[in-house]
Amino acid sequence: MHLILFIFSPVKSCLDELSCLLNLADIQAALYELCWQVVQGNLKLDVVVSVLGDMMVNVFYYVFSTCLLNKIKSIHQKCTNHGHFSPYFLFIPLCHPILKERLDPETLESLGLIKQAHQFNQKIVKIKTKLFYKQQKFNLLREENEGYAKLITELGQDLSGNITSHLVLESIKSLIGCFNLDPNRVLDIILEVYESRSDQDEFFLSLIKSYMCEPITLCHILGFKFKFYQEPNEETPKSLYHIAAALLHHNLIELEDLYVHLMPLDAVIVEEHKRDISEAKQIARKLVMVVLPSEKSEDREKDKEKEEEKNEKPPDNQKLGLLEALLRIGDWHHAQSIMDQMPSFYATSHKAIALALCQLVHLTVEPLYRRAGVPKGARGCVMLPLKNTRAPRPAESFEDLRRDTFSMLCYLGPHLSHDPILFAKIVRLGKAFMKEYQSDGRADVKDKMETLLSCFLSIADQVLLPSLSLMECNACMSEELWGLFKLFPYQHRYRLYGQWKNETYSSHPLLVKVKAQTVERAKYIMKRLTKENVKQSGRQIGKLSHSNPTILFDYMLSQIQWYDNLIVPVVDSLKYLTSLNYDVLAYCIIEALANPEKEKMKHDDTTISSWLQSLASLCGAVFRKYPIELAGLLQYVTNQLKAGKSFDLLILKEVVQKMAGIEITDEMTSEQLEAMTGGEQLKAEGGYFGQIRNTKKSSQRLKEALLDHELALPLCLLMAQQRNGVVFLEGGEKHLKLVGHLYDQCHDTLVQFGGFLASNLSTEDYIKRVPSIDVLCNQFHTPHDAAFFLSRPMYAHQILSKYDELKKSEKGNRQQQKAHKYVTACEQVMAPVHEAVVSLHPARVWDDLRPQFYATFWSLTMYDLAVPQAAYGREVNKLKAQIKAIEENPEIPLNKKKKEKERCTALQEKLQEEEKKQVEHVQRVLHRLKLEKDNWLLAKSTKNETITKFLQLCLFPRCIFSSIDAVYCARFVELVHQQKTPNFCTLLCYDRVFSAIIYTVASCTENESHRYGRFLCCMLETVTRWHSDRATYEKVTSLTCSLHLQHCGGRVFIYNHVLCLCFTQASVHCLETGDYTHIRNILIVLTKILPCYPKVLNLGQALECRVHKICLEEKDKRPDLYALAMGYSGRLKSQKVHMVPENEFHHKEPPARSTTPATQQNGPGSTGKPATSTSKTEEGTPEDGGERLNDKPQGTTKPVNKANSAVAKVATSNGNSALNSTKAVKERDEKEKAGKEKKEKKEKTPGSTPETKLENRREKQRDERTGKEERAAREGKEKTPKADREKLKAEEKNSKDDKAKAGNGEAVEPSREREGIKEFKSKEKGDRSAVSGSLKSPVPRSESAESERGKEICCFVLHLCSHKTNRNFGSVESVHK
C-alpha cells in the first residue's frame, strides 16, 4: 500500500503542477478555437488530432518527469537521513533523459548512466562547437547560388514601372524563406546593388529602411566595405561614398558609428596639417635666405627624395571622400560635423571638396542673386535647385544668408579662389546690401542691418581677400571687389587690409608659399627697375599686385626708404594698378609711416630721418598722379598733430605741394617773389621753381577729401597751435636745431595749407568753415598772426562779394562811383572785425593804434598794394617766345602745334586780364587807404611808444611770417609814409628796425632768418634809394616832415653810415658768440642783405675777416655753419668790386666850379655866380647815376657813381686847387665821352644778350679801376716834397677860415652840439674802432673832411635827441663806430 501511494503521489502532484502551469480557461479557449477551425473547414481533422496527441504526450512527459524526479530527490534525501533504503534507483529508467540533462557528469557516472565523465565532457564541447560556432554551408553563394541569383535578379530589374520597394521586399522575404538565406548577407547584397545603381536613391533607401532591423548592423556592414579599401594601393569608389552619405542624410545610420570605420585617424590628419605648414615655412625661409651653391645641391637632392615619397600613392582619405559626397547631395549638417573634426581649412584645401562646397553655396544664394545681385544687362546661367528636400533652403533675402550661407563661406575660406564666378556673386550681393544699407534709415531694422554689415565684413576678411591672394593675375576680380570696398568707410577698409597683410598669410600653408613667392618676384622686379624699362617693369608689377598687393607694396616701400632715387621710376611704374591696389598702397604707406619700430630722427637727433623724407616725397608724387583716396592719410596727420607730434607734417607739405602746385620756400628769387604778389595765374606761371601744370584735378580731389571729412579747419588750428607746442612741449628734450627745423616745418606747412584753402575753396565754403577772428584767438587759442592769415582770404572774399552786390544794385560806371562803393563795402565788412580785434589786446594798446589801423595792416596783402607789371610782362613775353618757337619748329605735328599755340594764347590772355583786374583793385585799395589814414594813429602817448606798439604788434610778427609778408611789411611802412599819415615818424621807425637787430636775429629760426633778412633788405633798399639820389630824397622829404632829418650837405649820408656801423657791430657780435643759432642766423641775414650791405670797403673787410675765422673754426665741428660761412664769404668777395672807400661813400657835392681860380669861388670877394655849364654838369652827374640805378633791378643798386666819387676824392684831398680840379673835370669829360661812344656802339650792336651785358659791365669796372690807378700815380708825381706841402697847409687853413666866416651867418649851434664836437674830437683817435678789427678806411682823408663829417654826425645825433626818440646811441663815438 505504501508502495502504491509512493508511486501515485508523484502523479497527483504532477497533475496539480500541470493545473497550476496551464490556466484552464486558456486551454478551453484554445481547444474551442481549434475545433471551430475544423468545423469551418480551414483545418483537416487528422492533422488536428495528431497535433493534439503529440502536444499532450510531450507536455505530460516533461511535466511528469520533472515532478517525479523532484519527488524522488526529496524521498531519497529523507531515506538517506533515516537510514532507509532509497527507491531512487527504481525510477532511474523512467526519467533517463531528464537525469542526463539535470545531473552533473560525475553523478551520472556514479549512477551508471554514462561510462566516463571525461569523455562525456569532451562530447559536450564538440556538440556545442558544432552547434554554435561552426557555420552551416547551406546559405553561402557557392552552395545556394540559386537563391542569391534570384535575389540579385529581383534587385536589378527595371524600376521604371509600377515596381515599388514594398513588392520587392515581399519577394526578398520569400527568397529568404524559400532558400533559407542569411538576412545579413541579403542586406549586403542590397547595398552592393544600390552601389551599382546609385541613381535610384529613393527606391533603395525606402527598401533598406523597410528591410533593416537595427542601424548598427547596417553601419557594421558599411564599415566592413570601407575597411576593404584601406590598403595602400586601393581606391575607395565614389559610389560607396554616395550610399554612405545618402544613408547618413536619411538618418538610417549615425555618423559617430560610421566615422570610427574610416581612415585615416584624426591624429594623423592633424600631423599632416602641421607638416604642411612647416614645409611651407621652410620653403619661404629658403626663398628669403641667401643659399650657397653647395647647399643648393643638397637641397635639390632632398627635394627629389620628397617628390619620390609623394609619388608613392598614400591610401585614400575616406573621411574627405565621405565629406565630398555629403556636400554633393546637400547634407550640410553632417558635412559641417566632419569639417569640425579637422584643422581649419584642411578639408577645403582639397579642390574637389572646395568645388562641391562652392556648388552648394551657388544653389543657396541663387534666388537672392537673381533678385538683387545680377547687374544690368547680364543674363547669367540659371542653376536648378537640388531635388533633395533636406538640403539647405535657398536664401530669399539678405537675412536668410545668416542661416547657412555665411557659415559655408567661412568654412570655404581662401579656397573660394577655385570658383571666380561664385566670388563675383558674393561681391555683387555685398554691393547690393551696402546700397540697401545706406539708403534704408529705418530704426526698426537698424540692428539687423548692422549685424549683416558685420557679417559681410567678416566674409571680406576671411574669404574674399584671402581668395584673391590665390587667384593669379585676375584684375577683373580686383576691380569687382573694389566695387564693394569703396562703399565701406576707409576705417573698415584699412582694418581689412591690415588683417590681410599681417595675419591672413600665416593661416594656411598655401598662403605662406604664395607670400614667399610674391616677395621673391618683387625682389626680381625691383632689382631691374630703371627709368628706361618703366613700362615693362610696370606691367610685371601690375600683374603681381592684382593678387597680393600688400606683400608687394610692403617690399617696394622698404626699398624706397633706403634708396630715394627709386621714387620716380616706382611712381611711373604704378600706372597698371587697379583701384583696389591704389587703395591698398595708401594703407601700406600709412602703415610704413606709423611704424613704431622706426625712429623719425637720425642718430644725431638734429635732423629728420631720410626714410621719412623719402616716404613723404613718395606720398606727394603718388597721390598727385593717381586717383587715391586721401582721407586716411589726412586723418593720420591730424591724429599725429593731436598727439603733439609734428614730424609727419612733412607729408602734408609734400602732398599739398605736389597736388596743388603750391611751393613754400625761402630761397625765392626776386622775380619769383614779384610774381607771387600777383594773381593766381601769375603765381602758377612765374612764382614757383617748377612749372606747375595739370593740378586742377588733383587739387580738386584734395579739396573734396578735406571738406568731406571736415579736416580743413582742424588741420589749420592744430598746425597753428603746434608751432608753440614744438617749442614748449616737444622742445625740452630735443636739440635746438631740430626744434627750429620742426617749428619751420610746422609754420611753412600752415602757410602752404592756408594758401591752398584760400585759392581753392569757394567763398561760401571758406566763410562757413573759418570762424571770426575773436573766436579763433580767444576760444581756439590761435596765435594772432596765424588767425589773421586764415581770416584774410575771408575778408577779401566778403569785400569783393559786397562790392559786386553794390555795383549791381546801383548802376554807375564812373571810376569815382566804383571807388566809393568799394570803400562802402570795406566799411560794412570790416566794421565787425574792428570790434572783434579790441578783445585781442589790452586797452592801453588802443591809446596809440586804432583797431582800424591794426585790422587794415593785418587784412591787406601785397596783391592789394602794388601791381607786379614787370612780372606780368616777363611771363607774357615768355609765352610769345614760346609761340614763336612752336611755329618755327618743323618737327612738331600740325595738330600738336595748334593745341600748344591755343594753350599759350589762352594763358597770355588770362595773364593780361588778370593784370587789368589787379590794377583796378590796387587803385581802389589805395583810394580807401587815403581816406582811412587820418584815423589810424591817435598818438596819445609819445611817438616812440606808438612806433614800439606798431613794431611789436604788427611789423615784426608779420615780417617773419612769410617771404611775401616780409616784402609787404617794408612796402607798408613806405606806403604809410607816402600817404602822409599823421603821427607816424618814419625815421624813428627805420631807426628802431635797424638799430638793435641782435636779439631779433638770435630769436629767429632758420627760415625766419631768411624772411627777416629779406625784410631788412627791402628796408635797406628804400634807404639806399634815398641815399643814392638827391632828387628822390627831396621828393620823399617834401611829402611830409615826418622824416625828421634834413638834408645834411645834400644827402642822407650820415644816417646810412650809422646803419652800416650798427649792422657791422651786431654782425661781428653774433659771429663771435660761438653760439650755433647766432652764427647761422646772422650769416643768413647777411646773405640776404648783401645787395645793400656792406657798401663800405672797410666794413666789408671786417666782416670778411670774421667770416673767415668762422670757416676755420667750424670746418670740422659744424659742417652746416662752415657751408654757410663759405657761401657768404664767396659772395662777399664777389661784391668787393661794388664797394667804395668810406670817404667816397660820404662825399658831399663839390662846390660849383668855373674857369676862375678857386680862391675867387670860395673867397669873401667872390661874386657867387658860378659858370652855368659847369654847375649843370656837376648837378647832372649824380642824377644820371641815380637814374641808372633805378633802372637796375632791386638788390643790385649801387649808391654812387665811381667816376664821380673819384673826382670828388681828388677835389677834397688836394684842397680844391684850380689846377687839379680843372684836370679832373677834363679827365671826367673825356671818360664820359668815351663811355657814350661805347654805349652807342653797344646799342648799335644787334642781339645783345645777358652774357654780353655782363661782359660789358665787367669791362667798365676794369676801366674804372685802371683810371683810378692812373690818377693816383699822376697825383703822386705832381706832389712836391716840402714847399708844396707847406703851400697846401696854408690853403687848407684859408679854407677853414672861409668856412668859419661863412658859418657866422648861420644859426649858432647849441652848447650841447659844441660839447659833442669837442668830445668827438678828443676821443676820435682812441675810440675809432668799436668793432673788432680795423675799420679804418684804406684811403687817406684830409683833416677837414673828417672834421666836417664829425660835425654832421653830431648834428644828426642831436636832432635825434631833440625829438625825444629815447633811443640811446651812447656817446658820439659809438655813433661814429
Side-chain angles (χ1 to χ4, degrees), residues 489-490 629-635 637-639 641-642 652 655-656 659-662 679-680 683 695-722 749-809 822 824-840 855-856 858-861 863-864 921:
Y490 75 89
E629 186 175 346
L630 287 152
L633 186 70
L634 295 174
Q635 187 64 54
V637 175
T638 306
N639 294 341
L641 285 174
K642 286 181 182 177
L652 183 63
V655 168
V656 175
M659 295 189 70
I662 299 176
E680 295 298 327
K683 289 179 183 179
T695 58
K696 186 175 181 180
K697 292 183 179 179
S698 57
S699 60
Q700 183 69 17
R701 286 195 295 112
L702 179 59
K703 183 191 79 171
E704 290 174 356
L706 290 168
L707 297 183
D708 292 343
H709 296 84
E710 297 294 336
L711 292 175
L713 181 63
L715 276 172
C716 290
L717 297 179
L718 286 169
M719 282 188 282
Q721 295 168 359
Q722 186 62 24
T749 310
L750 171 63
V751 174
Q752 180 193 35
F753 191 70
F756 165 76
L757 295 179
S759 59
N760 287 272
L761 263 65
S762 64
T763 307
E764 294 76 13
D765 288 335
Y766 201 93
I767 295 173
K768 179 181 177 182
R769 284 165 175 80
V770 178
S772 61
I773 188 69
D774 53 340
V775 174
L776 281 174
C777 296
N778 297 331
Q779 293 186 16
F780 294 108
H781 305 287
T782 309
H784 297 168
D785 54 350
F788 274 105
F789 168 72
L790 296 175
S791 303
R792 200 174 297 135
M794 180 172 62
Y795 301 149
H797 288 316
Q798 289 175 337
I799 290 172
L800 288 178
S801 301
K802 196 69 177 177
Y803 175 59
D804 293 337
E805 182 181 340
L806 291 174
K807 280 197 303 182
K808 291 178 182 178
S809 62
Y822 181 78
T824 305
C826 292
E827 290 175 354
Q828 293 180 6
V829 172
M830 297 302 293
V833 181
H834 299 160
E835 297 175 0
V837 298
V838 175
S839 64
L840 303 184
T856 300
W858 281 105
S859 61
L860 295 180
T861 62
Y863 180 84
D864 305 313
H921 175 74

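This chain uses plain numbering: 1 for the first residue, then up along the sequence.
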* Intermediate values then yes/no, side chain to side chain contact (heavy atoms under 4.5 Å, CB included), Leu702 and Leu634 -> CA-CA 9 Å; Leu702 179 59; Leu634 295 174; 4.2 Å; yes
* Could you walk me through whether Met830 and Thr856 pass the side chain to side chain contact (heavy atoms under 4.5 Å, CB included) test, one step at a time? => CA-CA 9 Å; Met830 297 302 293; Thr856 300; 5.9 Å; no
* Would you sort out whether Gln700 and Lys697 count as a side chain to side chain contact (heavy atoms under 4.5 Å, CB included), showing the intermediate values? => CA-CA 5 Å; Gln700 183 69 17; Lys697 292 183 179 179; 5.6 Å; no
* Take Leu761 and Leu707, measure what side chain to side chain contact (heavy atoms under 4.5 Å, CB included) needs, and give me the verdict at the end. => CA-CA 9 Å; Leu761 263 65; Leu707 297 183; 4.1 Å; yes
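Smallest separation of non-hydrogen atoms from Ala786 and Leu750: CB-CD2, 3.9 Å. The minimum heavy-atom distance between Leu718 and Lys642, with the atom names listed, is CD1-CG, 4.0 Å. Nearest heavy-atom pair, Glu710 versus Pro714, reported as atom, atom and distance to 0.1 Å: O-CG, 3.4 Å. Residues Val837 and His834 share a closest heavy-atom pair of CG2-O, 3.2 Å.
Here the side chain of Gln721 pairs a donor or acceptor atom with the backbone of Phe780 at under 3.5 angstrom. With Thr782 contributing its side chain and Ala787 its backbone, the two residues share no donor-acceptor pair below 3.5 Å.
Remark: Leu713 CG to Leu757 CG distance equals 9.0 Å, nearest 0.5 Å. Atom CD of Gln722 and atom CG of Leu717 lie 12.5 Å apart (nearest 0.5 Å). Between the NE2 atom in His784 and the CG atom in Leu840 there is a gap of 4.5 Å [rounded to 0.5 Å]. Taken to the nearest 0.5 Å, the CD1 atom of Ile799 stands 6.5 Å off from the OG atom of Ser859. We find the CD1-OG distance between Ile767 and Ser791 to be 11.0 Å, quoted to the nearest 0.5 Å. One distance of note links CE of Met659 with CG of Leu630; it measures 4.5 Å at 0.5 Å rounding.
A heavy-atom distance below 4.5 Å is found between the side chains of Asp785 and Trp858. Side chains of Cys716 and Val770 form no contact here, defined as non-hydrogen atoms less than 4.5 Å apart. Contact annotation: the side chain of Leu652 never approaches that of Gln752 to less than 4.5 Å [non-hydrogen atoms, C-beta and beyond].
Here Glu704 does not pair with Arg701 in a salt bridge; the nearest charged N to carboxylate O distance is not below 4.0 Å.
Between the side chains of Asp864 and Thr861, at least one donor-acceptor pair of N or O atoms lies under 3.5 Å.
When each of Val833, Val829, Thr763 is tested with Gln798 by the rule side-chain contact (heavy atoms from CB on, under 4.5 Å), just one qualifies, namely Val829.
Sorted by first then second residue, the ring pair (Phe, Tyr, Trp, His ring centres under 6.0 Å) pairs that include residues 752-777, not counting sequence neighbours, number zero.
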